[in-house]
Amino acid sequence: LGDVEPRRKLRENLGCHNFEWFLNNVATTVAVPEVPGKGTPLGALRNQDGRCMDTLGATADGATIGLFPCHGQNGAQAFVMDAEGLLRIPILDYIKCLAAKGDDVV
């Protein structure tokens with residue numbers, strides 16, 4: 001990246017707000033889950049057979065989540081645990097999380 005000090009000075013001179021201000025005041029409809037600081041649990045959920053939880057392209061509320069061979073590219077297999085202990089799905093903008101529905105995970 002090189003020296004970013006000139007950009008910091010410009011931001012200060014212009015009176016720019018930080019990203020948190022932007023989310024709270026401009027992009028108020030964006031879902032921003034509370035997540036712990038550094039070391040936030042993020043990654044795939046792998047079973048003993050080497051298959052991972054995967055959205056399988058599902059985006060609708062209540063859609064069943066399935067298993068797919070782990071590919072290590074995150075995407076549809078990435079999950080993050082928020083501060084409430086919910087497993088959120090980054091590829092779905094953190095709005096949706098995993099839940100049990102009978103014997104299925106949705």
Side-chain angles (χ1 to χ4, degrees):
L1 284 174
D3 184 13
V4 296
E5 192 57 32
R7 302 303 297 175
R8 285 188 179 149
K9 286 182 180 176
L10 175 63
R11 182 177 166 197
E12 184 179 313
N13 291 339
L14 293 174
C16 296
H17 294 285
N18 63 24
F19 192 62
E20 183 177 3
W21 180 92
F22 174 78
L23 290 173
N24 292 331
N25 295 281
V26 179
T28 57
T29 60
V30 174
V32 182
E34 291 291 325
V35 294
K38 285 189 172 186
T40 298
L42 167 70
L45 301 172
R46 179 189 305 251
N47 72 4
Q48 293 175 340
D49 297 329
R51 298 188 325 156
C52 288
M53 294 290 291
D54 195 303
T55 65
L56 303 172
T59 58
D61 289 344
T64 301
I65 302 294
L67 293 172
F68 193 79
C70 298
H71 50 63
Q73 297 177 358
N74 289 324
Q77 294 181 352
F79 300 92
V80 63
M81 184 178 291
D82 69 12
E84 298 175 25
L86 299 173
L87 287 173
R88 297 206 175 261
I89 306 168
I91 199 167
L92 299 177
D93 298 326
Y94 299 95
I95 296 169
K96 301 185 191 290
C97 62
L98 296 183
K101 185 178 180 183
D103 291 336
D104 293 329
V105 177
V106 296

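Quick note: residue numbers are just sequence positions, from 1. Just so you know, these numbers use all the heavy atoms, side chains as well, and skip hydrogens, waters and symmetry mates.
Residues passing the salt bridge (charged side-chain N to carboxylate O under 4.0 Å, His left out) test with D61 are K96, sequence neighbours excluded.
Closest of all the heavy-atom pairs between I65 and T55 is CD1-CA, 3.8 Å. Between T28 and N25, the shortest heavy-atom contact is CG2-C, 3.9 Å. The minimum heavy-atom distance linking P90 with A78 is given by the pair CD-O, 3.3 Å.
If you take CG on D54 and CG on L67, they are separated by 8.5 Å, rounding to the nearest 0.5 Å. With rounding to the nearest 0.5 Å, the separation of SG in C16 from CH2 in W21 is 10.0 Å. To the nearest 0.5 Å, atoms CE (M53) and CD (Q77) are separated by 10.5 Å.
Residues R7 and L10 form a side-chain contact, since some pair of their non-hydrogen atoms from C-beta on lies under 4.5 Å apart.
A continuous path of hydrophobic side-chain contacts links L87 to I89 [ILVMFWY only; heavy atoms under 4.5 Å].
Contacts classified as side-chain hydrogen bond (donor to acceptor under 3.5 Å, both in side chains) and involving residues 9-18 (residues at least two apart or in different chains) are not found. Residue pairs meeting the ring-ring contact (aromatic ring centres under 6.0 Å, His included) criterion with at least one partner in residues 56-89, sequence neighbours excluded, do not occur; the list is empty.
Summarising the local packing, CD of E5 is surrounded by more than 12 heavy atoms from other residues, nucleotides or ligands at distances under 6.0 Å.
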